[in-house]
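To keep things clear, I will list the structure first and then write my remarks on it.
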Amino acid sequence: MGEVRNLLIVGVGGQGVVLASDIVAAVCLRHGYDVKKSEVHGMAQRGGVVYSHLRYGPNVHSPLIERGRADALLALEWSEALRWLPYLRPGGVLVVDMVRSIPPIALRDRMTWKSAYPPMDVDQVRALQVEVCACNAGQLAEELGNRKVANTILLGILSNLLEFSQEEWEEALSAVVPPHTVDINLQAFRLGRSVHAERFTAGGIPVDLPPTYGVPRRFRVEIVEAWCKGCGICVRLCPEECLRLDSRERAKVGDPGRCTGCQICQLLCPDFAIAVHEEQVEEASIRG
Amino acid sequence: MRQHVLTQRERLLLTGNEAIARGAYEAGVKVATGYPGTPSTEILEALARTEDVYVEWSTNEKVAMDVALGASLGGVRALCTMKHVGLNVAADTFMTASYTGVGGGLVVVSADDPGMHSSQNEQDNRYYAKFAAVPLLEPSDSSEAKEFTRLAFEVSERFDVPVLLRITTRIAHTRGLVELGPRQEPASMGYVRDPRKYVMLPAYAQKRHPVVLSRLSRLQEFAASPEFLRWELRDRAVGVITSGVCYHYVREVLPEASVLKLGMTYPLPLEQIRAFAREVERLFVVEELEPFLEEMLKAEGLAVEGKAFFPRQGELSPDLVREGFVRVGVLLPAESRAMSEVPTTPRPPVLCPGCPHIVPFLALRRLGAVVCGDIGCYTLAALEPLQAMDTCVAMGSSIGMAVGLAKAGSAPGPVVAAIGDSTFIHAGIPALVDAVYKQADITVLILNNGTTAMTGGQPHPGTGLTIRGGQTKALDLVALCRAAGVEHVHVVDPYDIAATFVAIEEAIHHQGVAVVITNRPCVEAPVKIRDNPFIVVPQKCIACQLCMNLGCPSISWSVETYEGRPKVVIDPATCTGCTVCAQICPTDAIQLFPSPRAVPGEKAGQSRG
């Protein structure tokens with residue numbers, strides 16, 4: 001009785017996680033294995049996390065992989081690789097596209113302008129005893145002429161680690177992908193397969209960390225009440241909702257702490273009634 | 001691969017949903033009905049790819065159940081599919097269909113969602129079988145899903161009872177190998193007039209209830225038949241009674257334990273269970289969600305253990321079953337194999353680029369409305385950055401709750417019900433009629449995107465299309481609202497920000513019930529809509545973040561800054577060209593992409609930082 005092998009494929013909605021796992025499942029079937037493959041549809045797909053557990057072997061019971069037991073993790077996006085890392089077994093392989101898909105929620109801090117995208121890099125993951133095959137598959141796919149085949153390039157890299165022959169892979173691939181994309185997918189697969197895993201593990205891939213922006217600043221909004229006629233333009237357009245109309249229909253600063261100094265109110269006020277001033281912030285209070 | 005799922009004769013890798021469709025097809029089902037709902041939707045979609053079967057998306061689950069029951073009484077086999085909460089809607093018919101019994105076999109599929117991957121609760125619908133006194137089948141994988149569905153029709157006809165086939169998300173969306181068989185269509189039994197059986201007047205219903213009860217004891221014997229009951233006697237120290245996907249989790253973590261696998265979980269084969277209990281030293285029940293089996297077995301005086309070790313909430317997994325048996329002491333604490341979590345970014349689901357629901361909720365937020373929301377993609381407007389929803393409970397609840405909130409008189413702002421087109425037709429129409437009847441002072445926003453978007457773009461009566469894409473009559477929402485007595489009905493394009501703000505503001509100021517219908521097709525389903533993308537002119541962007549407030553996933557921070565704030569970029573590969581960000585940009589920095597659709601790589605690279 002052979003062992004059951006566990007492969008976890010992860011990414012963001014729209015990257016082709018399910019198609020990639022369909023291809024692997026087709027390869028396993030052609031090889032005569034039992035296969036189970038599990039994913040979740042529905043709300044999770046609306047730009048959220050997408051995963052596919054794939055298990056194959058002579059006889060597969062659970063459709064889900066236990067934590068710490070995946071032989072390989074194929075990640076179509078870097079932060080998703082980090083999210084699912086605990087599923088890898090010790091000595092497991094991570095095949096990852098270094099492309100970054102930053103969710104809108106990670107770009108919400110308007111005081112420090114720090115992105116909530118994870119700062120961890122490839123070398124830090126290697127330090128966790130994970131074998132990492134990292135590449136910029138998205139960019140390679142674009143050079144081939146279709147950004148969507150990044151998943152197939154990664155499958156090509158993965159194929160060097162699994163037992164199936166190139167013919168089995170290419171047959172399965174051709175049967176599963178949309179007919180008009182067979183050629184470019186085969187190209188993408190061969191590109192990935194031609195690059196031996198060592199190339200990725202030997203040299204460090206430069207990791208493009210999210211940029212950091214400026215330092216926190218503080219602003220004061222000055223409104224000349226006598227000039228304000230209560231049109232509400234500034235109230236409706238302030239991105240931080242700092243402004244409001246008071247009981248006499250005059251613009252007032254509701255929450256000055258949220259002002260980012262964008263000066264939209266000053267620019268758009270038809271009556272030139274608003275001025276935004278920067279206030280001095282002590283160096284120490286920023287660091288603290 | 002998927003297109004031919006139901007026509008080839010071979011072993012195929014099918015999802016549980018496709019397998020149920022295949023089982024029904026092989027059993028010769030003639031009529032299949034349902035309302036879309038994750039994780040059940042793909043069953044009818046797979047059946048619609050076959051011939052010989054009448055398949056429909058019904059207006060709601062209650063209608064679906066009625067149509068299926070009617071077909072069954074007409075003498076043919078009928079299937080009715082829905083998600084777990086859908087059975088609440090259909091329960092009225094379902095409960096009494098247990099009394100009427102069936103003509104042709106009637107199988108009701110309830111797709112439960114433990115873990116609430118895509119649902120508002122995680123109710124355990126096995127109780128519905130006990131409640132209605134009907135048999136309950138629980139397949140453990142795709143292969144059984146097909147086989148149990150086929151058998152369910154036979155059970156239904158043999159015992160004159162609707163059968164509840166209960167699956168979970170994990171069964172519905174896991175692919176496994178399924179051996180296909182031929183379609184065998186039984187001859188129609190024809191319609192047999194039998195008012196004493198089908199007209200549930202009190203006098204007739206009183207005669208049917210004893211039939212229901214005596215049927216249960218016959219079913220109890222049948223539950224022990226080998227198609228549904230599997231003895232796996234191995235190590236006698238530990239015995240496990242389990243069903244559904246949990247069987248496979250148990251087999252994964254305790255390959256040597258003795259297992260009694262139940263395929264029919266109501267009524268229970270008690271004699272066999274007692275015999276199994278005598279064979280093992282310690283007896284456990286492993287089941288997802290409620291202690292449904294455990295409580296029934298305890299009531300029979302059996303010493304079983306279960307929820308003391310396995311969680312009552314959420315989805316089970318091999319990890320959780322292993323942890324449970326470690327706590328029991330049957331398994332040693334696993335050497336810590338898994339590394340601990342590493343920091344990463346949260347990635348909640350969001351409204352898509354170009355989603356026509358964004359602007360109406362932006363308006364509601366800015367107008368300070370109290371928003372009773374409803375079930376659909378637009379429920380995501382409750383999250384950052386829009387945060388423009390106060391309630392979301394059940395299909396169609398928005399309008400009734402808004403009426404109640406308005407009558408309570410305590411709302412801090414104008415009361416608005418926001419409901420999608422499919423949800424409005426499903427359960428919102430009676431509530432709208434009620435709101436007019438009650439002269440409630442509310443605004444009803446019907447977000448009409450011409451599809452059932454959340455579940456992948458199914459047609460509904462407002463679309464004028466059938467499940468197979470055929471033409472049919474389309475419901476006129478404006479005429480319907482007018483007929484209900486709504487005097488103020490405005491239609492607006494939600495991509496037009498100014499017009500949408502004005503329309504909603506006017507509706508709010510209208511005394512009584514006002515309806516605003518926002519008309520724009522969903523950009524993702526049933527067809528993807530892609531217009532020419534927009535681009536940010538960096539020299540003009542003052543990094544004000546107004547466009548970031550839309551929460552559009554196509555817009556993100558650039559590497560460039562303006563006065564220390566990040567400027568923005570648009571990913572032209574995902575931008576649908578909806579124009580909304582361009583409309584709100586105060587410096588006119590967002591402009592049409594110079595060369596339509598020819599997306600250069602370096603721009604895409606830039607947007608990824």
Side-chain angles (χ1 to χ4, degrees), chain A residues 22 25 29 34-44 46-49 61-64 66-69 79 82-83 85-86 89-90 99-100 102-108 110 113 115-118 120 128 139 142 147 175-176 208 210-211 213-214 217 236-237 239 260-262 264 267-268, chain B residues 1 13 38-39 117-118 169-170 173-177 245 248-249 251-252 317-319 322 337-352 366 377 380 384-385 454-455 542-546 548-549 551-553 556-557 559 561 563-566 573 586 601 604-605 608-609:
Chain A
D22 279 345
L29 279 186
D34 184 18
V35 182
K36 275 187 186 162
K37 146 175 144 62
S38 191
E39 53 240 7
V40 162
H41 311 190
M43 191 171 259
R46 296 280 173 274
V49 177
H61 273 297
S62 169
L64 290 179
E66 284 184 70
R67 279 167 178 264
R69 286 169 201 257
S79 72
L82 299 180
R83 185 185 322 281
L85 216 46
R89 68 170 164 76
V99 70
R100 288 203 324 263
I102 304 177
I105 198 172
L107 305 176
R108 295 287 298 156
R110 298 192 182 163
W113 304 103
S115 151
Y117 199 82
M120 207 164 179
L128 298 169
Q139 200 178 318
E142 258 164 38
R147 190 162 111 176
V176 173
D208 200 10
Y213 304 95
R217 297 161 72 187
R236 289 236 172 137
L237 283 171
T260 65
C262 76
I264 283 189
L267 289 168
L268 297 183
Chain B
M1 191 163 80
L13 203 58
T38 311
H117 297 283
S118 201
T169 305
R170 197 55 59 190
H173 290 165
T174 293
R175 282 182 188 276
L177 277 172
V245 73
H248 292 290
Y249 299 154
R251 269 287 158 252
E252 198 72 39
S317 65
D319 299 273
R322 184 180 297 278
R337 297 182 68 136
M339 67 187 80
S340 44
E341 305 273 337
V342 300
T344 190
T345 183
R347 194 182 294 279
V350 290
L351 292 173
C352 304
R366 288 289 165 121
C377 297
L380 295 171
E384 276 198 72
M454 182 91 259
T455 45
I542 59 164
C544 72
Q545 312 294 317
L546 203 50
M548 289 295 289
N549 286 352
C552 174
S556 61
W557 285 345
V559 290
T561 58
E563 295 184 347
R565 300 183 302 274
R608 303 256 164 187

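Owing to the predicted nature of the structure, the values given are computational and were not obtained by experimental measurement. In what follows, every chain begins at residue 1, and chains take the letters A, B, ... in the order their sequences are listed.
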Please identify, among B:Ala543, B:Pro553, B:Pro566, the residue contributing the most non-hydrogen atom pairs under 4.5 Å to chain A.
B:Pro566
For the side chain of B:Asp319 and the backbone of A:Glu66, is there at least one donor-acceptor N/O pair under 3.5 Å apart?
no
Top residue by heavy-atom pair count (under 4.5 Å) with chain B, among A:Asp34, A:Leu268, A:Ile264?
A:Ile264
4.5 Å side-chain heavy-atom contact, A:His61 and B:Val245:
no
Does any non-hydrogen side-chain atom of B:Leu177 lie less than 4.5 Å from one of A:Leu29?
yes
Within the structure provided, determine whether A:Leu267 and B:Pro586 are in side-chain contact (heavy-atom separation under 4.5 Å).
no
Could you look at B:Glu384 and say if it's the side chain, the backbone, both or neither that has a heavy atom under 4.5 Å from chain A?
side chain
Show the nearest heavy-atom pair for residues A:Gly261 and B:Arg565, with the distance to one decimal.
O-NH1, 3.0 Å
Specify the closest pair of heavy atoms between A:Pro86 and B:Ser340, including all atoms of both residues, with the distance to one decimal.
CG-O, 3.9 Å
A:Trp113 and B:Gly564: which non-hydrogen atoms are nearest, and at how many Å?
CD1-O, 4.0 Å
pair A:Pro103-B:Val350: side-chain heavy atoms closer than 4.5 Å:
no
In terms of heavy-atom pairs under 4.5 Å with chain A, the winner among B:Gly176, B:Pro385, B:Cys552 is B:Pro385
Between B:Leu546 and A:Pro239, what is the shortest heavy-atom contact and its length?
CD1-CA, 3.7 Å
When you look at A:Leu237 and B:Arg366, which way does the side-chain contact (heavy atoms from CB on, under 4.5 Å) test go after all the steps?
CA-CA 10 Å; A:Leu237 283 171; B:Arg366 288 289 165 121; 5.7 Å; no
Which residues pass the side chain to side chain contact (heavy atoms under 4.5 Å, CB included) test with B:Thr344, not counting sequence neighbours?
A:Ser79, A:Leu82, A:Arg83, A:Pro118
Should B:Arg170 and A:Glu39 count as an ion pair when the cut-off is N to O under 4.0 Å?
no
Let me see the working for A:Arg110 and B:Gln545 under side-chain contact (heavy atoms from CB on, under 4.5 Å), right down to the final yes or no.
CA-CA 9 Å; A:Arg110 298 192 182 163; B:Gln545 312 294 317; 3.5 Å; yes
Near B:Glu252 CD, under 6.0 Å, is it more than 12 heavy atoms from other residues, nucleotides or ligands?
yes
Where on A:Leu64 is there a heavy atom nearer than 4.5 Å to chain B: the side chain, the backbone, both, or neither?
both
What are the two closest heavy atoms between A:Arg108 and B:Trp557, and how far apart are they?
N-CH2, 4.3 Å
Heavy-atom donor-acceptor pair, A:Arg217 side chain to B:Glu563 backbone, under 3.5 Å:
yes
Would you indicate whether the side-chain heavy atoms of A:Leu128 and B:Val342 approach each other to under 4.5 Å?
yes
Do A:Lys37 and B:Thr174 come close enough that some side-chain heavy atom pair is under 4.5 Å?
no
